[in-house]
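A short write-up of the structure that comes next.
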Amino acid sequence: MKQSFFFLSALVFGGMMVGIPACETSAKTEIASFERIHPDLAAIISPDASAEVIAEGFDWTEGPLWIEKEQMLLFSDIPQNSIFKWTAAKGKELYLKPSGYTGTAPRGGETGSNGLTINPAGQLVLCQHGDRRLAYMNAPVGSPKADFVTIADNFQGRKFDSPNDAMYSTKGDLYFTDPPYGLEKNASDPLKEAPYQGVYRVRPGGDITLLTTAVHRPNGLAFLPGERTLLVASSDSTKAVWYKFELNDQDSLVNESIFYDATAEAHTMAGLPDGMKVDKNGNVFATGPGGIWIFNKSGLVLGKIRVSGPVSNCAFADDQKTLFITANNRVLKVTLRQ
């Protein structure tokens with residue numbers, strides 16, 4: 001979800017942050033600081049780590065996805081109804097347009113694709129706001145075209161609001177969240193069909209299960225190692241929390257609890273719980289108020305990557321030695337120690 005705000009980029013000099021207008025940043029400008037809360041963060045981020053802007057000039061970036069075979073990063077620009085790619089050789093390039101709304105009738109709202117992932121067959125899967133569905137691109141990831149096949153677009157006859165983020169389990173099940181941000185009037189939109197926001201699962205055969213309606217604004221989601229614990233971000237300014245659910249033997253969600261509550265911070269810093277990723281050691285990199293929060297698997301805050309303005313999502317690359325961050329109109333790159 002895009003948030004309107006005025007922000008300053010930050011140059012970091014010896015721990016002191018100096019503001020400069022965001023429009024004056026360059027591709028090599030360091031624009032983040034690292035808050036070290038627990039000693040365990042040292043094994044994840046080195047003391048001399050820095051962040052750099054690798055691409056900018058967008059409206060609202062989301063859904064970063066690293067494609068190892070192509071050595072490229074894909075990410076959505078939701079208002080532009082586009083996906084861009086970034087490579088070390090060529091920088092940013094338009095990858096796909098349209099990406100989330102293929103209709104012909106003019107409409108407002110956040111119409112483009114949001115979350116991106118790869119299915120077990122190696123196809124690009126898109127959360128399409130404007131078309132209100134999950135779909136895969138009917139073309140190789142290296143040769144994109146706007147030809148989409150619907151995976152799921154409704155539950156029990158009620159059309160989804162705007163699928164936001166998605167991931168596959170090792171079983172091949174597709175988990176996704178469905179907040180109302182892609183509707184022109186959000187939750188009050190007359191085209192909204194379900195009286196709730198949901199977290200869903202699609203089985204490989206196409207069966208769809210509504211897993212929970214307990215999260216008011218479900219957004220990012222991720223499994224802890226072992227895939228028996230599911231984390232779901234709530235991008236609700238009045239309850240800015242990360243929820244934790246256990247999966248029982250039938251893969252239903254049980255034992256709802258709060259993994260971490262950042263509501264107080266959401267009142268003073270830009271951004272809300274949004275996209276997240278979990279590394280191979282169970283550390284959680286979660287976008288939230290003020291930047292990226294880094295938790296261990298028990299919910300202990302190890303540290304933060306503080307970024308000026310709201311951040312939306314992140315993605316690993318290079319065997320989790322690189323972290324890409326989508327942050328409003330920019331994309332950042334951070335080198336990790338892992």
Side-chain angles (χ1 to χ4, degrees), residues 1-3 54-68 70 72-87 92-102 109-119 123-137 141 144 146 148 151-152 160-168 174-179 181-182 199-200 217-222 232-233 235 271-278 285-288 292 307 310-317 322-333:
M1 177 181 67
K2 181 169 173 55
Q3 302 169 44
I54 60 168
E56 56 189 334
F58 308 101
D59 289 339
W60 177 248
T61 55
E62 249 285 11
L65 174 67
W66 177 255
I67 308 294
E68 181 68 22
E70 303 288 337
M72 69 179 176
L73 179 75
L74 300 181
F75 55 95
S76 301
D77 188 334
I78 300 177
Q80 290 192 33
N81 195 16
S82 301
I83 294 173
F84 287 85
K85 75 173 183 179
W86 174 88
T87 60
K92 69 175 183 181
E93 300 175 86
L94 180 65
Y95 175 81
L96 183 68
K97 185 180 180 72
S99 66
Y101 180 55
T102 59
E110 300 179 1
T111 58
S113 61
N114 192 325
L116 307 173
T117 190
I118 295 291
N119 67 14
Q123 297 162 312
L124 180 66
V125 173
L126 310 88
C127 294
Q128 296 186 307
H129 273 193
D131 287 347
R132 302 171 65 179
R133 65 178 177 174
L134 284 134
Y136 68 84
M137 184 176 70
V141 292
F148 307 110
I151 297 171
F160 297 135
D161 290 350
S162 51
N164 184 286
D165 204 355
M167 66 174 183
Y168 279 91
L174 178 60
Y175 289 76
F176 70 97
T177 56
D178 187 37
Y181 300 135
V199 179
Y200 296 88
R217 289 290 184 269
N219 203 306
L221 74 174
V232 180
S235 52
L272 292 166
D274 203 324
M276 68 180 105
K277 297 295 185 294
V278 177
F285 290 68
T287 59
I292 302 283
V307 180
V311 294
S312 64
N313 213 329
C314 58
F316 294 120
T322 299
L323 182 73
F324 292 104
I325 303 169
T326 47
N328 190 46
N329 62 348
R330 303 165 293 169
V331 180
L332 313 183
K333 179 183 178 184

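Counting from 1, the numbers follow the sequence of the chain as shown.
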How long is the gap from [atom1] on [X] to [atom2] on [Y], to the nearest 0.5 Å?
| X | Y | atom1 | atom2 | result |
| --- | --- | --- | --- | --- |
| Lys97 | Phe84 | NZ | CZ | 7.5 Å |
| Tyr175 | Leu221 | OH | CG | 9.5 Å |
| Arg330 | Phe58 | CZ | CZ | 11.5 Å |
| Cys127 | Leu134 | SG | CG | 4.5 Å |
| Leu323 | Phe316 | CG | CZ | 6.0 Å |
| Asn329 | Thr61 | CG | OG1 | 7.5 Å |

Practice prompt. Take Ser312 and Asp274 through the side chain to side chain contact (heavy atoms under 4.5 Å, CB included) test and state the conclusion after the steps.
Written response: CA-CA 6 Å; Ser312 64; Asp274 203 324; 3.9 Å; yes

Got [X] and [Y] here, is their nearest side-chain heavy-atom distance under 4.5 Å?
| X | Y | value |
| --- | --- | --- |
| Leu332 | Val311 | no |
| Leu174 | Asn119 | no |
| Ser82 | Leu94 | yes |

What are the two closest heavy atoms between [X] and [Y], and how far apart are they?
| X | Y | value |
| --- | --- | --- |
| Ala135 | Arg133 | CB-NE, 3.9 Å |
| Asp165 | Asn219 | CB-O, 3.6 Å |
| Pro64 | Ala315 | O-CB, 3.4 Å |
| Phe176 | Ala166 | CB-CB, 3.9 Å |
| Phe148 | Met137 | CD2-CA, 4.0 Å |
| Ser162 | His129 | CB-CD2, 3.7 Å |

Check for a donor-acceptor pair, side chain of [X] on one end and backbone N or O of [Y] on the other, with a separation under 3.5 Å.
| X | Y | answer |
| --- | --- | --- |
| Thr87 | Met72 | no |
| Ser76 | Asn114 | yes |
| Thr326 | Asn313 | yes |
| Lys277 | Ala222 | no |
| Gln128 | Ser99 | yes |
| Asp178 | Asp161 | yes |
| Ser235 | Leu272 | no |
| Asn81 | Gly100 | yes |

Practice prompt. Carefully, step by step, assess Leu74 and Val141 under the rule side chain to side chain contact (heavy atoms under 4.5 Å, CB included).
Written response: CA-CA 10 Å; Leu74 300 181; Val141 292; 5.6 Å; no

Practice prompt. Give me the one residue out of Tyr95, Phe324, Trp66 that meets ring pair (Phe, Tyr, Trp, His ring centres under 6.0 Å) with Trp86.
Written response: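 The option that passes is Phe324.
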
Item to complete: Could you walk me through whether Asp59 and Ile78 pass side chain to side chain contact (heavy atoms under 4.5 Å, CB included), step by step?
Response: CA-CA 8 Å; Asp59 289 339; Ile78 300 177; over 6 Å; no

Worksheet item: For Leu65, which of Ile83, Leu126, Leu73, Ile118 qualifies under side chain to side chain contact (heavy atoms under 4.5 Å, CB included)?
Response: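 Of the listed options, the one satisfying the test is Ile118.
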
Discussion item. If you apply the rule side chain to side chain contact (heavy atoms under 4.5 Å, CB included), what do you find for Asn328 with Trp60, and how did you get there?
Written reply: CA-CA 5 Å; Asn328 190 46; Trp60 177 248; 3.3 Å; yes

Item to complete: Decide if the gap between the ring center of Phe160 and the ring center of Tyr200 is smaller than 6.0 angstrom.
Response: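 Distance test on ring centres: under 6.0 Å, yes.
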
